[in-house]
J.: 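Shown below is the structure under consideration.
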Amino acid sequence: MRQRFSISRLGSALGGAVVALGMAGMSAMALEAISFEDLTNLSVCVGQSVNCNRHYIDRDSTGLGLYDEIQYQVSNNSELANDEVELGFRSILDWAKEVRVINADGRQLVKMEAEDKDSRLRRTTIKASDLEGAKLVFVKGRMFGVRREMYEMPLTQDTLEKLSGRRVTFTWVRD
């Protein structure tokens, strides 16, 4: 009986150590701040094979991780009012991907997600005034269903002026 208790206790202690190490490592995984200029803007590749743009990637000039690539495309949409922005998101990858809109108060306004090669385009329209001080957060799926925030993109006043009345579509094409 005493031996079983000791093994159980050792298992609890080791489990606690693993949790503590995992938690300590989490603080080192801060979000990488990116801007529109950090993303690959090769709109001719959207909707085509991921191989379309591999040789154009310049990793030294982006804030994205070594293996990540997110494209964006900005276009006009005559159905939008001048004070609206239409956000679109899709992923052509197996692992779960998300884009979230977090307002200036830290509240999540929008969450668009895709996984298992579900490359359907998701769209939502939002008032530009709701995006003042907001940020986009790009999220990756990890093992065991865990999702991790990877990149955040502050929506500056300049960016909002350029996007008002327009459609912006993000496509996560490489991970």
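Every heavy atom of this structure was used, including side-chain atoms; hydrogens, water molecules and symmetry mates were not.
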J.: Is L80 isolated, or which residues cluster with it under the ILVMFWY side-chain rule of less than 4.5 Å, directly or via members?
T.: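 Its cluster partners, ordered by chain and number, are none at all.
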J.: Salt-bridge test for E149 and R100: reply yes if a basic N is under 4.0 Å from a carboxylate O, no otherwise.
T.: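 Yes, this pair counts.
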J.: Would you give the length of the straight line joining atom CG of N103 to atom CG of L155, rounded to the nearest 0.5 angstrom?
T.: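 Going from the CG atom of N103 to the CG atom of L155 covers 11.0 Å.
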J.: If every non-hydrogen atom of A128 is compared with every non-hydrogen atom of L160, which pair is closest and at what distance?
T.: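 Closest approach of A128 to L160, heavy atoms only: O-CD1, 4.1 Å.
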J.: Using links of under 4.5 Å between side-chain heavy atoms of ILVMFWY residues, direct or through other members, which residues join V137 in one cluster?
T.: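 Hydrophobic cluster check, V137: joined to I102, V139.
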J.: Report the distance from atom OG of S91 to atom CZ of R174, rounding to the nearest 0.5 Å.
T.: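 If we round to the nearest 0.5 Å, S91:OG and R174:CZ are 13.5 Å apart.
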J.: Within this structure, what is the CZ-CG distance for the pair F89 and L121, rounded to the nearest 0.5 Å?
T.: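 Between atom CZ of F89 and atom CG of L121 there are 10.0 Å.
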J.: Quick one: which residue pairs count as a ring-ring contact (aromatic ring centres under 6.0 Å, His included) with a foot in residues 156-175, not counting sequence neighbours?
T.: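 ring-ring contact (aromatic ring centres under 6.0 Å, His included) check on residues 156-175 returns F36-F170, F138-F170.
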J.: Any chance you could lay out the side chain to side chain contact (heavy atoms under 4.5 Å, CB included) test for V173 and I70, step after step, and finish with the verdict?
T.: CA-CA 6 Å; V173 297; I70 303 168; over 6 Å; no
J.: For a salt bridge (charged side-chain N to carboxylate O under 4.0 Å, His left out) check, start with the C-alpha distance between R120 and D118, then their side-chain angles and the critical distance, and finish with the verdict.
T.: CA-CA 6 Å; R120 288 177 296 134; D118 179 2; 2.6 Å; yes
J.: With the threshold set at 4.0 Å, does a side-chain nitrogen-carboxylate oxygen contact exist between E132 and K127?
T.: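 Salt bridge: no.
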J.: State the CD-CG distance between E84 and L163, to the nearest 0.5 angstrom.
T.: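 Going from CD on E84 over to CG on L163, the span is 13.5 Å.
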J.: Would R123 and T169 satisfy side chain to side chain donor-acceptor pair (under 3.5 Å), going step by step from the backbone distance to the final call?
T.: CA-CA 8 Å; R123 292 203 177 280; T169 302; 3.1 Å; yes
J.: Between CZ of R167 and CG of N77, what distance do you get to the nearest 0.5 Å?
T.: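 Those atoms lie 4.0 Å apart.
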J.: Quick one, K111 and E98 - any side-chain contact, counting heavy atoms below 4.5 Å?
T.: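 A side-chain contact under 4.5 Å exists here.
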J.: Take I34 and E152 through the test side chain to side chain contact (heavy atoms under 4.5 Å, CB included) and record every step on the way to the result.
T.: CA-CA 6 Å; I34 58 174; E152 70 176 32; over 6 Å; no
J.: Decide yes or no for N82 and S164: does some side-chain heavy atom of the first lie under 4.5 Å from some side-chain heavy atom of the second?
T.: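 The answer is no; the side chains never approach within 4.5 Å.
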J.: How long is the straight-line distance from CG of L136 back to CG of L87, given to the nearest 0.5 Å?
T.: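 If we round to the nearest 0.5 Å, L87:CG and L136:CG are 6.5 Å apart.
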J.: Does CD belonging to E79 count more than 12 external heavy atoms closer than 6.0 Å?
T.: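 No, because the 6.0 Å sphere around CD of E79 holds 12 heavy atoms or fewer from other groups.
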J.: Test K97 against every option in L93, D94, V99 by the side-chain contact (heavy atoms from CB on, under 4.5 Å) rule and name the one that passes.
T.: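 Of the listed residues L93, D94, V99, the side-chain contact (heavy atoms from CB on, under 4.5 Å) partner of K97 is L93.
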J.: Is there a chain of hydrophobic side chains (I, L, V, M, F, W, Y, each step under 4.5 Å between heavy atoms) that links M150 to W95?
T.: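 M150 and W95: separate clusters.
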J.: With a 4.5 Å limit on heavy-atom distance, are the side chains of E113 and R147 in contact?
T.: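 Yes. Closest side-chain heavy atoms under 4.5 Å.
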